[in-house]
Amino acid sequence: MTKDQKSPYIVISDRETGLPYSKGLMASQVMVTGLSPFRAYQVAEAVEERLLEAGAPSITSEELDRVALEAISELAGERFAKTFLRWREVEALDIPLVVLIGGTTGVGKSTLATQLATRLGIVRVVATDAVREVMRALFSEELMPALHTSSFEAGTVLREAPNRDAAIVGFREQTNVVAVGIDALLARAALEGTSIIIEGAHVVPGFLDLESRQDRFLGVPLIITVEEEDVHRSHFAARGADHAGRPAPRYLEGFDNIRRIQRYIKSQALSHGVPVVPNYSFDRSLAAVIDLVMERATEWVQQGIARSNGVRAREGDPR
């Protein structure tokens, strides 16, 4: 076919059933670089223009990636092109991705998790509050009172007055129980080989075991914080306006406890080597989380190479 006889669509020849090139699908893949949906779609349109200009009726996935890299580099810059290439390498690992996003109430975990899922093409996003709701149906308030209240109010239902900070003791008690449900999600992700994002206040370093499953999924834990108290407080006014079931006064009354829980979670993260991402602006925070995922994937690849080299060395393979 000549350039004057351009095909109305270009088939991706090495994909199932020879699917045609899709600007929407390409844009969603490009968004993993941190580009906005609008700019990602501009890249997808540029890719289509180049494919049509070439005049070929079909193209392989590898060839398509090269065209996309060129378009990203020219329209957005080399940094975004490198991120796109790194993500392609992550996808080639053929191992599920498990991202765990923790942080105290009102720091923006849910919003980040939703947008991260869109960028990474992950369809399963589970909030730990949903896990707690399921467990509440199984255990009565008399049996497990900590399950039947918010994370920052769990200190008010302790059976015995603690010697230490009641808010932290109650939060730890609730987290310890919910962690059982989170562990079941991790076990299922490992068994089925499915990627998932788990977000919530109960994602606390030291309460979850990722090490025992590190060869079955790529686990990326991180903690979101809001360092400025006034900014953090303002989040609850916005939340109350958007969700009638989340009145701002209730959260503001418990704001001191919420801040104490943030300090506790942050200290747990620092002591367990888990990254802390301050949420100063949504776009910057999302980009930082994507970068963490990429870095962790790169480390996983390097560790896999080191493990393979070690096995070959023990077996006397000179390669």
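Hydrogens, waters and symmetry mates are skipped; everything else that's a heavy atom, side chains included, is used.
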Would Leu210 and Leu100 count as a side-chain contact (heavy atoms from CB on, under 4.5 Å) here? Give the steps.
CA-CA 10 Å; Leu210 299 180; Leu100 299 108; 3.9 Å; yes
Minimum-distance pair of heavy atoms, taken over all atoms of Ile182 and His202:
CD1-O, 3.8 Å
Using side-chain contact (heavy atoms from CB on, under 4.5 Å), reason through Trp87 and Thr33 one step at a time and then give a plain yes or no.
CA-CA 8 Å; Trp87 177 244; Thr33 65; over 6 Å; no
Could you tell me whether the side chains of Thr225 and Glu227 share a donor-acceptor contact shorter than 3.5 Å?
yes
Do side-chain atoms of Asn279 reach the backbone of Val107 as a donor and acceptor pair under 3.5 angstrom?
yes
Closest contact, heavy atoms only, Ala248 versus Phe236
CB-O, 3.4 Å
Is the number of heavy atoms from other residues, nucleotides or ligands within 6.0 Å of CZ (Arg50) greater than 12?
yes
Applying ring-ring contact (aromatic ring centres under 6.0 Å, His included), name anything that partners Phe152, two or more places apart in sequence or on another chain.
Tyr251
Using a strict cut-off of less than 4.0 Å between a Lys/Arg side-chain nitrogen and an Asp/Glu carboxylate oxygen, indicate whether Glu173 and Arg159 qualify as a salt bridge.
no
Please find the pair of heavy atoms, one from Lys109 and one from Ala201, that lie closest to each other, and give the distance.
CE-N, 3.6 Å
Would you call Ile224 and Ser285 a side-chain contact if the rule is heavy atoms closer than 4.5 Å?
no
Is it the case that the side chain of Thr149 and the backbone of Ala146 share a donor-acceptor pair, with hydrogens and angles ignored and the cut-off at 3.5 Å?
no
Carboxylate-amine/guanidinium contact Asp165 Arg172, below 4.0 Å:
no
Per the side-chain contact (heavy atoms from CB on, under 4.5 Å) rule, which among Leu218, Ile197, Leu292 passes with Val99?
Ile197
If you compare all heavy atoms of Gly106 against all heavy atoms of His235, which two are closest, and at what distance to 0.1 Å?
O-ND1, 2.8 Å
Is it true that Glu133 and Arg136 make a salt bridge, defined as a side-chain N closer than 4.0 Å to a carboxylate O?
yes
Before giving the answer on side chain to side chain donor-acceptor pair (under 3.5 Å), spell out for Thr156 and Glu153 the whole-Å C-alpha distance, their side-chain angles and the decisive distance to 0.1 Å.
CA-CA 6 Å; Thr156 64; Glu153 297 173 328; over 6 Å; no
Under the side-chain contact (heavy atoms from CB on, under 4.5 Å) test against Ile122, which residue among Leu116, Leu97, Thr194 passes?
Leu97
Lys/Arg-Asp/Glu bridge criterion (N-O < 4.0 Å) met for Arg66, Glu70:
no
Under 4.5 Å between any side-chain heavy atoms of Leu147 and Leu138, yes or no?
no
Decide, yes or no, whether a salt bridge links Arg259 with Asp256 under the criterion of side-chain N to carboxylate O below 4.0 Å.
no
Restricting to non-hydrogen atoms, name the atom on Ala189 and the atom on Pro96 that form the minimum distance, rounded to 0.1 Å.
O-CG, 4.2 Å
What side-chain donor-acceptor pairs closer than 3.5 Å can you find for residues 36-45, not counting sequence neighbours?
residue, atom, partner, partner atom, Å
Ser36, OG, Arg39, N, 3.3
Arg39, NH2, Leu75, O, 3.3

Closest approach of Glu199 and Ser110, non-hydrogen atoms and distance?
OE2-OG, 3.0 Å
